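Here the structure comes first, spelled out in structure tokens, and everything after it is commentary.
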Amino acid sequence: MAIRAGRRSALVALAFLLAASPCLQARVDQLYHGRQVSDWSRQLNFELQNLSSSQKDGRHLLASPQEITHRKLRARTGVRKKMEVVQQDDEALVKLENTGIERSKAVDSAVLGKYSIWRRENENEKADSRVRQMRDQMIMARIYSVLAKSRDKLDLYQELLTRLKESQRSLGEATADAELPKSALERMKAMGQVLSKARDLLYDCKAITERLRVMLLSADEQVRSLKKQSTFLSQLAAKTIPNGIHCLSMRLTIDYYLLSPEKRKFPNSENLENPNLYHYALFSDNVLAASVVVNSTIMNAKEPEKHVFHLVTDKLNFGAMNMWFLLNPPGDATIHVENVDDFKWLNSSYCPVLKQLESAAMKEYYFKADRPKTLSAGSSNLKYRNPKYLSMLNHLRFYLPQVYPKLNKILFLDDDIVVQRDLTGLWEVDLNGNVNGAVETCGESFHRFDKYLNFSNPNISQNFDPNACGWAYGMNMFDLEEWKRKDITGIYHKWQNMNENRLLWKLGTLPPGLLTFYKLTHPLDKSWHVLGLGYNPTIERSEIDNAAVIHYNGNMKPWLEIAMTKYRPYWTKYINYEHSYIHGCKISQ
């Protein structure tokens, strides 16, 4: 049944092409009927004529009756073999047709757009026929308008343009016949009349074919340009702060600095250096995102009073982050907020990233050089030239023992994750002498080392395996005792200094992390950390539901309008949209 339906779809496409081009139809007839029927028919007649002529000219008198009978049988056998070849050709064509139909089913309808004969709703040839006919008419009108103008048929050219505009207004965004206005039928008839007139005056198979080829190439170029613009805009959207979150931060900051110093302190400060509790590191400049991480962790914890959250933010969001958690304390858990700018030891004489940021070349690269003049041109630059990748909040993960010198272990969390079950089991995982416990991501080939690092550079190729398995930041258990013993921060400084000219890797903290923790990472079970909710629309629901942590890595963060709708509820369930600050800043689901 599916094959017959697919065959009908294929025939619809072929019929459209043949109707649009009689010369193509004539050529198909010539190739198909001419070769497979006429040639064999002529061959059969030739064989029979030879046989009869040989009888007429008396050559049969030289042969015995048995030889004549043998010749006739041989002729019939030859004809039968030729007919078998024809049948085999027919079977081959059927196989090719069926293969084409099967391949057509794999075509992504989202790429083809709303009008595609391969879509299931178009298996019924009569469904939405007016919409399709209007689109076909508009294509032919564009072709004939070009031909009319090139041949100085200006009256016809103007008439075609007029009808084309009328059809465009009638069609609008309609995708079904029911969405068309009542005037659409009359305009279709008017367009049909002018197209008939244009066909009589201008029809030229070769010219129409050339024009269709030009239109196809133009459409392809437009698709490429739009794809680049879409990439640029999605990256831009991912790097911006929504108005609601900006409003929230500003209001909280104002109210925080109106508090007296006594009211700015969090309780349970004695827990901050207790190594027997469960400690989390969270570095963020997004108040709402940080609140979801903390809320989801506490709501799924078996013993919330044993959990300690160490938040670090920048000076712009320090007041807001403090005020939010003073107003919304995480139950019995302990929380502490610090300002990264208060870490005086984190300076350019110690930290390579800060030193590089002060260089003229780095400022030129990140802030001035080669600013794109168009959206499509900027799509390839925006990702690599975002100063966020030099933010100390991003690189602070390489200084955990310096920030928390009294702790033995700490669980590092990104601010774009949601916790769905108790995480205390991670403290019981034996890292086997390794420093970093993380979920590996090399199920696909593009998540191996050669994806992130420049293996044409001998410093990389001579020290690392290009097929080594990558792993994910976002939820990482770090053994800080082993960290100190193996001088992880020193290893990081070494590679960061060597990458001053961006010859080893382009951006971010994952590439230097892969180098720094090479052969020092213990693989965790994949159910602890499921990634891709910020870019992959095909993650199984069961995989998400069974995960301890889900991660919105990618551009489509859950607090942005470009977030994937089906994944957003996992994040929004931990936000109280009736909260006075959230409601006042018009942050909604």
Side-chain angles (χ1 to χ4, degrees), residues 266 268-284 290 293-294 296-298 300-312 330 332-338 340 343 346 393-415 417-440 471-492 509-510 512-514 516-529 547-549 551:
F266 290 102
N268 305 323
S269 60
E270 67 278 3
N271 292 334
L272 295 177
E273 295 181 346
N274 185 345
N276 298 317
L277 300 179
Y278 303 111
H279 293 265
Y280 300 83
L282 174 60
F283 308 146
S284 174
V293 175
V294 173
S296 63
T297 304
I298 294 305
N300 291 285
K302 294 178 181 178
E303 299 176 292
E305 68 279 3
K306 293 185 178 181
H307 294 256
V308 182
F309 293 90
H310 302 267
L311 271 69
V312 181
D332 295 328
T334 302
I335 196 162
H336 181 58
V337 180
E338 294 181 273
V340 68
F343 299 154
L346 201 61
L393 279 181
N394 222 19
H395 287 260
L396 194 61
R397 65 192 69 191
F398 293 105
Y399 299 94
L400 291 175
Q402 289 87 338
V403 181
Y404 310 111
K406 300 290 183 67
L407 301 181
N408 300 325
K409 276 189 174 183
I410 196 164
L411 184 63
F412 172 80
L413 298 176
D414 270 343
D415 65 359
I417 63 103
V418 172
V419 177
Q420 299 190 124
R421 71 170 190 252
D422 184 72
L423 299 180
T424 55
L426 286 168
W427 275 262
E428 300 173 3
V429 174
D430 185 359
L431 299 183
N432 297 312
N434 291 301
V435 180
N436 174 25
V439 169
E440 293 183 331
W471 46 267
Y473 268 127
M475 188 212 72
N476 306 79
M477 175 57 71
F478 290 113
D479 185 329
L480 301 185
E481 294 296 323
E482 286 293 331
W483 184 307
K484 296 171 189 175
R485 277 194 286 270
K486 292 180 169 63
D487 189 23
I488 294 300
T489 303
I491 297 173
Y492 161 70
T509 53
L510 181 55
L514 296 176
T516 302
F517 295 102
Y518 185 58
K519 294 185 178 180
L520 295 173
T521 299
H522 175 77
L524 299 175
D525 187 275
K526 292 186 182 297
S527 65
W528 281 111
H529 186 190
V549 171
H551 194 172

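All values reported here derive from a predicted model rather than from experimental measurement. In this chain, numbering begins with 1 at the start of the sequence shown.
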For side-chain contact (heavy atoms from CB on, under 4.5 Å), just list the numbers for Ile488 and Phe478, CA-CA rounded to whole Å, side-chain angles, deciding distance to a tenth of an Å, and then say yes or no. CA-CA 11 Å; Ile488 294 300; Phe478 290 113; over 6 Å; no
Show your working on side-chain contact (heavy atoms from CB on, under 4.5 Å) between Trp427 and Leu411 and close with a plain yes or no. CA-CA 8 Å; Trp427 275 262; Leu411 184 63; 3.7 Å; yes
Applying side-chain contact (heavy atoms from CB on, under 4.5 Å), run through Asn436 and Leu520 and close with a yes or a no. CA-CA 6 Å; Asn436 174 25; Leu520 295 173; over 6 Å; no
Pair Trp471-Leu514, side-chain contact (heavy atoms from CB on, under 4.5 Å): steps then yes or no: CA-CA 8 Å; Trp471 46 267; Leu514 296 176; 3.4 Å; yes
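Residue Arg421 holds its CZ atom at 10.0 Å from CG of Asn300, rounded to the nearest 0.5 Å. Note: Lys526 NZ to Glu440 CD = 6.5 Å, rounded to the nearest 0.5 Å. One finds the CG atom of Asp479 at 12.0 Å from the CD1 atom of Ile410 (value rounded to the nearest 0.5 Å). Interatomic distance, Asn271 CG to His336 NE2, rounded to the nearest 0.5 Å: 12.5 Å. Separation of atoms CD1 (Ile335) and OG (Ser269) is listed at 14.0 Å; rounding is to 0.5 Å. To the nearest 0.5 angstrom, Ile491 atom CD1 is 11.5 Å from Phe398 atom CZ.
One N or O on the side chain of Ser296 and one on the backbone of Val419 form a donor-acceptor pair closer than 3.5 Å.
Using a 4.5 Å cut-off on side-chain heavy atoms (C-beta onward), Met475 and Trp528 make contact. In this structure the side chain of Phe309 reaches within 4.5 angstrom of the side chain of Leu311, judged on heavy atoms. A 4.5 Å side-chain heavy-atom check between Arg397 and Asn476 finds every atom pair outside the cut-off. A 4.5 Å side-chain heavy-atom check between Leu400 and Leu407 finds every atom pair outside the cut-off. Side-chain atoms of Val429 and Met477, non-hydrogen and from C-beta on, never get closer than 4.5 Å to each other. When side chains are defined from C-beta on, Phe517 does not count as touching Asn434, because their heavy atoms never get closer than 4.5 Å. At least one side-chain heavy atom of Phe343 sits under 4.5 Å from a side-chain heavy atom of Val312. His310 places none of its side-chain heavy atoms less than 4.5 Å from the side chain of Val403.
Of all heavy-atom pairs spanning Ala472 and His529, the tightest one is CB-CE1, 4.0 Å. The nearest pair of heavy atoms linking Val549 to Leu423 is CG2-CD2, 3.9 Å. Looking at every heavy atom in both residues, Thr509 comes nearest to Tyr473 through O-CE1, 3.5 Å. Contact detail for Ala438 and Thr521: the closest heavy-atom pair is CB-CG2, 4.2 Å. Nearest heavy atoms, Leu431 versus Gly437: CD2-CA, 3.9 Å. Closest approach of Asp525 and Val439 over heavy atoms only: O-CG2, 3.5 Å.
Considering only residues two or more places apart in sequence or on other chains, Tyr399 meets the side-chain hydrogen bond (donor to acceptor under 3.5 Å, both in side chains) condition with His493. Residues forming a side-chain hydrogen bond (donor to acceptor under 3.5 Å, both in side chains) with Lys486 (at least two apart in sequence, or on another chain): Glu482.
Within a 6.0 Å radius of NZ in Lys406, no more than 12 heavy atoms belonging to other residues, nucleotides or ligands are found.
The aromatic rings of Tyr280 and His307 sit parallel to each other, their planes meeting at less than 30°, with 60° as the upper class boundary.
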